[in-house]
Trainee: 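Got a structure for you, questions after.
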Amino acid sequence: MIAIDGPAGTGKSSVSRRVAAALGANYIDTGAMYRVATLRALRAGVALDDPEAIDKATEGVRISVTNDAEKQVVLMDDDDVSDEIRRDEVTRAVSAVSAVPAVRARLVQAQRDQAQTGLSVLEGRDIGTVVFPDAELKVYLTATPEARAQRRHEQNIAAGMDSDYQTVLADVIRRDHLDSTRSTSPLRPADDAVQVDTTDLGIEEVIAKLVELARNRIGVEA
Ligand code: DC
């Protein structure tokens, strides 16, 4: 089990996907699961400050996240929501939904079930602290808020979306605050996590570092 945690904009998704491919491991994007729960709550029209309503609205939703080398396909029940879960509306609401303990309990269970067979790379916020506290390798990726906002801003532009750097930076800071101060599973490095600051590292360098760590720690061939 390899846990990769950290805030948004550290390159965590691209790095986790590529590290999993290099190791022949399963890749599990837990953020995508929280995004589906959020979309479900938004579609149900529940108030985001009503944890009980969020719990009810998201109970029983079937979430499927599959990845191949080219594309990630995310299903909510049988609906393809791969693009919709990346929209701003979902990104803005996800901290509220992922702070609800009942939602977290269900998704943590689903994550544990999915990682039952073979080597898995799980990417999220609480993998090393809560989901798999016994993971063989725990990595915590960091970068300055400015570097993370700059990356998100460039991704938005590349995706053809309108983007304003200052707005993106404010959102990065707001989400960091919400994610790290919530009472259930706040975002924080596990005591035994290897912290990697990606501010001045290219993605290839980060991948190489993690693959090497995995080789040394758990003896997997890559
Ligand atoms: O990695 P991401 O931006 O797609 O994650 C979306 C949100 O989901 C993020 O703001 C925090 C939440 N999340 C969480 O609370 N726990 C996880 N294991 C993964 C994501």
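The figures here come from the full heavy-atom set of this structure, side chains too, leaving out hydrogens, waters and symmetry mates.
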Trainee: Determine, for Lys209 against Glu204, whether the closest basic-nitrogen to carboxylate-oxygen distance falls under 4.0 angstrom.
Mentor: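 No.
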
Trainee: Scan side-chain atoms only and decide if Ser180 and Arg125 contain a donor-acceptor pair under the 3.5 Å cut-off.
Mentor: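 Note: Ser180 and Arg125 side chains miss the donor-acceptor criterion.
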
Trainee: So, taking the atom named CZ in Arg152 and the one named OG1 in Thr167, what distance separates them when rounded to the nearest 0.5 Å?
Mentor: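 Separation between the atoms: 14.0 Å.
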
Trainee: Measure the spacing between CD of Gln150 and CD of Gln155 and express it to the nearest 0.5 Å.
Mentor: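 The CD atom of Gln155 is 11.0 Å from CD of Gln150, to the nearest 0.5 Å.
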
Trainee: Can Asp126 and Arg104 be counted as an ion pair, charged N to O under 4.0 angstrom?
Mentor: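 Looking at Asp126 and Arg104, the cut-off is met.
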
Trainee: Kindly check if the number of other-residue, nucleotide or ligand heavy atoms within 6.0 Å of CD (Glu205) is above 12?
Mentor: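 Yes, because the 6.0 Å sphere around CD of Glu205 holds more than 12 heavy atoms from other groups.
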
Trainee: Is a salt bridge present between Arg92 and Asp171, judged by a nitrogen-to-oxygen distance below 4.0 Å?
Mentor: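 The answer is no: the pair does not qualify as a salt bridge.
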
Trainee: What are the two closest heavy atoms between Ser163 and His153, and how far apart are they?
Mentor: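 Residues Ser163 and His153, closest heavy atoms: OG-ND1, 2.8 Å.
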
Trainee: Can you check side chain to side chain donor-acceptor pair (under 3.5 Å) on Arg86 and Gln72, steps first, answer last?
Mentor: CA-CA 12 Å; Arg86 304 286 162 196; Gln72 177 179 66; 2.9 Å; yes

Trainee: In the structure I gave you, are the side-chain heavy atoms of Ile4 and Ile127 within less than 4.5 Å of one another anywhere?
Mentor: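 Sidechains of Ile127 and Ile4: no contact.
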
Trainee: Could you tell me if the side chain of Leu141 sits less than 4.5 Å from the side chain of Val206, heavy atoms only?
Mentor: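 A side-chain contact under 4.5 Å exists here.
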
Trainee: Report yes if some heavy atom in the side chain of Ile2 is under 4.5 Å from a heavy atom in the side chain of Leu122; otherwise report no.
Mentor: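 When only atoms from C-beta onward are counted, Leu122 and Ile2 do not touch, as no gap falls below 4.5 Å.
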
Trainee: Looking only at heavy atoms, which two atoms of Ala37 and Thr58 are closest? And how far apart?
Mentor: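 Closest approach of Ala37 to Thr58: O-CG2, 3.3 Å.
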
Trainee: Roughly how far apart are Arg174 CZ and Asp179 CG, rounded to 0.5 Å?
Mentor: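 Those atoms lie 9.0 Å apart.
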
Trainee: For atom CG of Asp200, decide whether the heavy atoms of other residues, nucleotides or ligands shown that lie under 6.0 angstrom number more than 12.
Mentor: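 No, the 6.0 Å shell around CG holds no more than 12 heavy atoms from other groups.
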
Trainee: For the residue pair Tyr34 and Val108, what are the closest heavy atoms and their distance?
Mentor: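 What the structure gives for the nearest pair is OH-CG2, 4.2 Å.
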
Trainee: Whether the Arg151 and Thr198 side chains hold a donor-acceptor pair (N or O, under 3.5 Å, no angle test) is what I'd like checked.
Mentor: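 Short answer, yes.
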
Trainee: Would you say that more than 12 heavy atoms from the other residues, nucleotides or ligands in this model lie under 6.0 Å from the CG of Asp164, or not?
Mentor: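 It does: Asp164 CG has more than 12 such atoms within range.
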
Trainee: Rounded to the nearest 0.5 Å, what's the gap from CG on Leu178 to CD1 on Ile173? Could you check?
Mentor: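 Interatomic distance, Leu178 CG to Ile173 CD1, rounded to 0.5 Å: 12.5 Å.
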
Trainee: Spell out, as yes or no, whether a donor-acceptor pair under 3.5 Å connects the side chain of Arg87 to the backbone of Glu89.
Mentor: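 Here the side-chain-to-backbone pair does not exist.
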
Trainee: Does Thr117 offer a backbone N or O that forms a donor-acceptor pair with the side chain of Asn26 under 3.5 Å?
Mentor: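 Flag set: sc Asn26 to bb Thr117 pair under 3.5 Å.
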
Trainee: Can you tell me if Asp80 uses its side chain to pair, donor with acceptor, with the backbone of Ser82 under 3.5 Å?
Mentor: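 Pair found, side chain donor or acceptor close to backbone of Ser82.
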
Trainee: Measuring from atom CE of Met76 to atom CE of Met33, what distance do you get when rounded to the nearest 0.5 angstrom?
Mentor: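 Here the rounded value is 14.5 Å.
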
Trainee: Any salt bridge linking Arg40 with Asp55? Criterion: basic side-chain nitrogen under 4.0 Å from a carboxylate oxygen.
Mentor: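 Asp55 and Arg40: not salt-bridged.
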
Trainee: Nearest 0.5 angstrom please: Leu201 CG to Ile207 CD1, how far?
Mentor: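 The CG atom of Leu201 sits 11.5 Å away from the CD1 atom of Ile207.
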
Trainee: Please examine the side chains of Thr129 and Ser185, heavy atoms only from C-beta on, and report whether any two atoms are closer than 4.5 Å.
Mentor: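 They are not in contact (no side-chain heavy atoms under 4.5 Å apart), so the answer is no.
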
Trainee: Quick one: salt bridge (charged side-chain N to carboxylate O under 4.0 Å, His left out) pairs with a partner in residues 136-146, sequence neighbours left out?
Mentor: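 For residues 136-146: Lys138-Asp192.
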
Trainee: Distance only, no hydrogens: is a donor on one side chain within 3.5 Å (strictly under) of an acceptor on the other, for Glu123 and Tyr27?
Mentor: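 Side chains of Glu123 and Tyr27: pair found under 3.5 Å.
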
Trainee: Would you indicate whether the side-chain heavy atoms of Val196 and Val139 approach each other to under 4.5 Å?
Mentor: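 Yes, side chains in contact.
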
Trainee: In terms of side-chain geometry, is the basic nitrogen of Asp176 or Arg148 positioned less than 4.0 Å from the acidic oxygen of its partner?
Mentor: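 Judged by the 4.0 Å cut-off on N to carboxylate O distance, Asp176 and Arg148 do form a salt bridge.
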
Trainee: I'd like to check Val131 versus Arg112 (side-chain heavy atoms, cut-off strictly below 4.5 Å). Are they in contact?
Mentor: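 In short, these two side chains touch, coming nearer than 4.5 Å.
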
Trainee: Would you call Ile157 and Met161 a side-chain contact if the rule is heavy atoms closer than 4.5 Å?
Mentor: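 Ile157 vs Met161: side chains apart.
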
Trainee: Taking all heavy atoms of Pro145 and all of Val172, pick out the closest pair and write down the distance.
Mentor: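 What the structure gives for the nearest pair is O-CG1, 4.2 Å.
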
Trainee: Look only at the side chain of Thr10 and the backbone of Gly6, and say whether a donor-acceptor pair between them is shorter than 3.5 Å.
Mentor: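 Checked: no pair found.
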
Trainee: For the pair Arg43 and Asp79, find out whether any cationic side-chain nitrogen is under 4.0 Å from an anionic carboxylate oxygen.
Mentor: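 Looking at Asp79 together with Arg43, the answer is yes, because their closest N to O distance falls below 4.0 Å.
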
Trainee: Under 4.5 Å between any side-chain heavy atoms of Leu107 and Ile63, yes or no?
Mentor: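 Contact flag for Leu107/Ile63 side chains = yes.
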
